[in-house]
Amino acid sequence: MTSPSQISAHPDTKSFDVRSIREDFPILQTKIYGKPLIYFDNAATSQKPRQVIDRLVQYYEHENANIHRGVYYLSERASEAYEGARDSLQKLLNAAGRNEIIFVRGATEGINLVASSWGRANLKAGDEVIVSHMEHHANIVPWQLICEEKGAILKVIPINDKGEMNLEAYKSLLSEKTKFVSVVYVSNSIGTINPVKEVIEAAHAYNIPVLLDGCQAAPHLEIDVQDLDCDFFVFSGHKTFGPTGIGILYGKEKYLDAMPPYQSGGDMIKQVSFWRTTFKELPYKFEAGTPHIEGAIGLATAFEYVTNIGRSNIHAYEQKLLAHATQKIAAVDGLRIIGTAKNKIPVISFVVEGAHPLDIGTLLDFEGVAVRTGNHCTQPLMDCFGVSATCRVSLAFYNTVKEIDEFVIALEKVIKKIKS
Ligand code: ALA
């Protein structure tokens, strides 16, 4: 039986060959209305390599059983594979311990878990929680709700007109009243890579814990939670070439250990009676009910796949794609790029004078191009730029310069059509 760490990922660990990488992603061969698919909506969800798909099939064909509960062969295999996935992710994220890796449904559940469990236990009236102006709604609303419940105050780090976080303003928000900082590592809407190490260092000077929303960082950047020194880190598997419905909440043991359970039920208890219930130790205290077993296994396989390609290879290639796409897209007549930060992942948001993003997106679909249009779950950020929606191109390491060039031709064609 094969464990996730034994699944062979991409064979070429030394050089980056986009053509052979694309062969790992069956969906990229799809034709849309007879045209080759150009998938530029990777920030919404990424495509899955054959290695991940095969691993899921293998799980269902040979290992499927409930975990931690059965004394029989299959249950032990499934438990081993699930816990093996945790070990693998601990190693790849460089967490200090396996009990710091909690499987959750995704980043949204991870943030809700921390806001609810940590927030309910620690916040009181007058306390302050800091987020930034470029947060996804999932890193605003859970904090808003717990602040309302506790009488705490939500403070917001402003951004400049390039879409970069104002670090000086952030530092001036920090005080004895600040109890938590929760910020996005990389913006999903405009691609800004935030200086999170500085954010964390400044908060730690006040002993304030920091959560990083790592959804858009995990698919593009090397993640080393000990090097970042973040106290919590969340991301969703489906944006990182893994299955949907699974994600990771990393938390430092000292925080997770002191936090009360978020959800309760089977598999997270030690002893239940009608008078008193005691809970399991980490990480199980936070994993109530039957988890997304195959999701965890698939996510570890996806991370192993990316690691085998090489994070630095991916970063170098994606920066080339970003430079090329930025230059070509910016040259389109009447187009304005929203978010021009110095440090970005390959995400380009734009608006076009006289053409609504929704119309552009709908017509691009007929050209075989998938982009996201709308506010990208970041309404406050859209307000900063005075727009209600953008068209967003978000690239992954399997996209190509040729696709960008074809996209720009298609974009010019649909703009012309809208304006005619
Ligand atoms: N948060 C996802 C996006 O940016 C859905 O598209």
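Keep in mind that the numbers below use all heavy atoms, side chains included, and drop hydrogens, waters and symmetry copies. Both counts, for ligands and for their atoms, begin at 1 and track the order of listing.
- The R372 neighbourhood of ligand 1 comprises atoms 2 (C), 3 (C), 4 (O), 5 (C), 6 (O), with distances under 4.0 Å to a heavy atom of that residue.
- Judged by a 6.0 Å distance limit and a 45° cone about the ring axis, R55 is not positioned over the six-membered ring of F241.
- The aromatic rings of F366 and Y33 sit tilted, their planes meeting at an angle between 30° and 60°.
- Classification of K252 and D231 as a salt-bridged pair holds, one side-chain N sitting under 4.0 Å from a carboxylate O.
- The shortest contact between atom 1 (N) of ligand 1 and any protein heavy atom is with H136 NE2, 3.0 Å.
- Ion pairing between R120 and E149 holds under the 4.0 Å rule for side-chain N and carboxylate O.
- Each of the following atoms of ligand 1 lies closer than 4.0 Å to a heavy atom of R392: 3 (C), 4 (O), 6 (O).
- Between A43 and ligand 1 there is a heavy-atom distance shorter than 4.0 Å.
- Aromatic pair F232/Y250: centroids not less than 6.0 angstrom apart.
- Atom 2 (C) of ligand 1 has K239 NZ, 2.9 Å as its closest protein atom, hydrogens excluded (heavy atom only).
- Less than 4.0 angstrom separates some heavy atom of N188 from each of these atoms of ligand 1: 1 (N), 3 (C), 4 (O).
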